[in-house]
Amino acid sequence: MSKKRVAVLISGRGTNLQALLDAEQEAYEIALVVSNVPGAEGLNRARAANVEGIVLDHKSYGQNREAFERDLDALLIQHNIEIVALAGFMRVLTPFFVRAWAGRLINIHPSLLPKFPGTKTHQRALEAGESEHGCTVHLVVEEVDAGEILGQAKMPVEPADTPETLATRVLILEHDLYPRCLADLARALRK
Ligand code: GAR
């Protein structure tokens with residue numbers, strides 16, 4: 001069975017990208033990494049893994065989000081990409097892109113969705129007095145962080161936790177959860 005060709009979109013350090021690379025298996029291969037931020041640390045991880053890394057700087061498109069996404073879409077098609085995995089990609093996508101990749105576009109988010117969509121999830125979980133926290137892999141739909149949940153990983157919140165300690169522990173869960181969910185989706189799309 002052929003592996004599904006995955007593009008990972010990043011904006012920063014790329015530890016989830018690293019986890020996806022490290023866990024590559026028969027279900028998928030990371031065929032392309034695209035960063036919207038020049039010099040993102042994740043690009044070095046792509047290079048080290050011999051995966052093509054491309055910068056598509058959203059700033060050169062000004063306010064025109066869709067023009068950025070049309071070029072991104074063309075790039076993905078050129079590379080025969082079948083699944084797009086967002087991994088710390090800090091751009092909200094427009095309906096154009098979300099519709100084009102519906103069912104094949106996934107994201108990892110650092111909270112137990114539907115709780116805490118958006119940013120500052122660890123701080124908000126603490127402020128809300130949550131006893132549990134974690135991360136979610138979900139399909140991307142037009143509403144931010146609202147698509148079908150493909151998997152979650154949970155952990156208890158301890159009395160001494162800070163946003164930083166939560167971020168560190170949740171990230172460990174992310175690195176385990178994301179490759180498993182991506183492989184499950186890749187297998188499901190083969191059928
Ligand atoms: C991760 O914690 C990821 O869940 C989060 O950004 C971090 C990226 O880290 N994503 C979001 O908040 C998306 N809304 P990484 O670059 O080391 O993978």
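Each ligand, and each atom within it, is numbered from 1 in the order the structure gives.
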Going by distance only, is there an N or O of N16 that falls short of 3.5 Å from an N or O of ligand 1?
-> yes

So, is D145 polar-close to ligand 1, with some N/O to N/O distance under 3.5 Å?
-> no

Any Lys/Arg nitrogen of R124 or E130 sitting under 4.0 Å from an Asp/Glu carboxylate oxygen of the other?
-> no

Between D184 and R187, is there a side-chain N and carboxylate O pair less than 4.0 Å apart?
-> yes

Option set G14, G12, G88, criterion heavy-atom distance to atom 16 (O) of ligand 1, minimum = G14

Give me the nearest non-hydrogen protein atom to [atom] as residue plus atom name, then the distance to 0.1 Å.
{"atom": "atom 12 (O) of ligand 1", "answer": "P110 CD, 3.4 Å"}
{"atom": "atom 3 (C) of ligand 1", "answer": "E174 OE1, 3.3 Å"}
{"atom": "atom 7 (C) of ligand 1", "answer": "R13 NH2, 4.1 Å"}
{"atom": "atom 10 (N) of ligand 1", "answer": "I108 O, 3.7 Å"}

Check: T121/H109 side-chain N/O donor and acceptor closer than 3.5 Å | no

Would you give the length of the straight line joining atom OG of S111 to atom NE2 of H122, rounded to the nearest 0.5 angstrom?
-> 8.5 Å

Sub-4.0 Å atoms of ligand 1 with respect to non-hydrogen atoms of H109 = 14 (N)

Run the numbers on E127 and K120 for side chain to side chain contact (heavy atoms under 4.5 Å, CB included), then give the verdict.
-> CA-CA 11 Å; E127 283 167 5; K120 299 206 166 95; over 6 Å; no

Given side chain to side chain contact (heavy atoms under 4.5 Å, CB included), test Y61 with L56 step by step and report yes or no.
-> CA-CA 10 Å; Y61 294 83; L56 195 62; 3.5 Å; yes

Would you please determine whether M90 falls within less than 4.0 Å of ligand 1 on a heavy-atom basis?
-> yes

Should we count CD of E143 as having more than 12 external heavy atoms under 6.0 Å?
-> no

